[in-house]
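Each chain gets a letter, A, B and so on, in the order its sequence line appears, and its residues count up from 1. All values below come from the heavy atoms of this structure, side chains included, with hydrogens, waters and symmetry mates left out.
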Amino acid sequence: MVRGRPALLLGGFAAAGLAIALYLSAMALAGTAVACLPGGGCETVAQSEYSRWLGIPVAFFGVLFSGLLLGLIAAWWRTGDGRLLLAGYAQGLVGVVIVLYLRYLELFVIGAICAWCVAYGATILFGWLALLVVQRRANRARDEG
Amino acid sequence: MTTNSTSTGTPPPKLPAPQRPRATRQERREAARRDQRLASARTVAVKKPAWQSPMALITAGAVVVGLVVVVLVSGVLNPKATVGSLISPLRPTPTSLVDPTNPRALGKANAPVKVEIWSDFQCPACDTFATTIEPDLIDQYVATGKAYVIYRDRVVIDRFATDVESHQAAAAARCAGDKFWPFHDYLFENQKGENAGTFSSAFLASVADAVRADRTAYDACMANGAADRVAAVNAETAQGAAAGVSQTPTIALNGKLLPGGAQPMTTLGPAIDALIAAASASPAPPASLPASPAPAASAPPAASTAP
């Protein structure tokens with residue numbers, strides 16, 4: 001199976017997610033003096049109790065997640081090992097479940113939307129959908145071969 | 001005379017079977033291959049159902065893992081202590097430190113450093129300060145007599161006539177009287193959203209119950225004196241705005257504003273220590289912003305005065 005273009009697409013999603021997570025992590029690191037401005041809009045989500053897991057900003061986990069996903073895709077592109085693609089697919093799906101939960105928190109618990117968080121979630125969701133398509137094509141090529 | 005075997009009952013002797021010529025090695029190999037092909041053709045491939053395919057199993061496994069992660073991080077397994085539906089403060093302010101002459105102040109008024117905390121009960125950054133930094137500030141500097149802390153209302157979240165929860169929460173906290181600080185702790189611990197209905201009248205009343213405020217006085221204050229309290233909140237907000245408090249939380253040390261935001265103890269501590277050292281060198285009384293003016297007796301409720 002040709003891996004060039006699919007790897008580029010998959011890697012693009014993962015890299016975009018990694019970039020957003022790095023930005024959010026930088027904001028979290030520098031955010032110890034974040035303040036509320038008149039009219040609200042003080043990054044309610046970033047300041048909520050749900051912005052940290054085990055005391056660690058959620059964005060840090062996003063960096064780890066997207067970094068690992070990008071690594072799996074790159075390794076699959078280099079080696080063609082179908083197991084790496086499958087691992088990326090599984091990891092992506094775990095990410096989709098978590099991202100859906102975070103959207104639920106924003107909409108129904110925190111009551112505020114973080115645009116950057118939504119953008120990151122989009123890279124995870126669409127990246128996984130692309131992985132699903134590529135994985136199915138790989139399965140089909142293997143069965144026909 | 002002929003012999004008839006049937007008449008006597010004995011079968012005729014069998015002639016030996018003609019011997020076939022022995023098959024060559026090649027013929028034996030071809031026969032074996034032929035048999036194998038026939039056996040393969042007869043074999044019916046058993047196809048697994050779709051749900052048992054590796055993809056399906058991995059998909060199911062990944063969903064399960066995702067749900068497990070969600071359960072673990074959602075705190076379902078570690079529920080916070082609650083009073084009814086309220087979350088109890090993790091680090092409540094010691095009420096023994098409350099200034100008997102000013103329920104919104106902590107410590108001794110003659111402490112070398114006066115710390116004013118300009119805050120909005122709906123502000124998430126103020127929540128961060130109140131729940132993670134303020135307890136350390138109180139432990140390290142108020143309890144030891146080095147600092148005197150005063151809470152100041154600076155409403156920034158309320159914007160329109162319909163966005164009033166910051167005002168309502170601030171007014172309710174004032175109506176709690178000497179239970180102001182426990183009320184303050186509960187408000188920040190249970191903060192959720194901005195003008196999303198969290199600080200409703202019923203919620204604020206439940207907080208009053210949780211902190212064991214005098215409900216008679218509280219209800220009378222909220223029913224009859226709410227306008228006065230809101231006017232007082234507005235007045236203090238305007239005072240802060242005039243003094244340069246444009247965001248929350250903003251900390252003032254002896255009247256001097258620090259940069260806006262939830263300043264960590266790594267910043268606050270050294271700043272306070274420096275003021276203590278300066279005060280011990282030249283013992284002048286600590287300055288502060290002008291005191292909050294007394295509310296008018298019957299001031300009408302005012303909308304947010306955010307700049």
Where do A/Val94 and B/Ala62 come nearest, in terms of heavy atoms and distance?
CG2-O, 3.3 Å
Report yes if some heavy atom in the side chain of B/Met55 is under 4.5 Å from a heavy atom in the side chain of A/Leu132; otherwise report no.
yes
The single option from B/Leu67, B/Val70, B/Val69 passing side chain to side chain contact (heavy atoms under 4.5 Å, CB included) against A/Tyr101:
B/Val70
Does atom CZ of A/Phe60 have more than 12 heavy-atom neighbours, drawn from other residues, nucleotides or ligands, at distances under 6.0 Å?
yes
Residues B/Ile58 and A/Ala90: closest non-hydrogen pair is CG2-CB, 3.7 Å
Choice from B/Val63, B/Val65, B/Thr59 maximising heavy atom contacts with chain A below 4.5 Å
B/Thr59
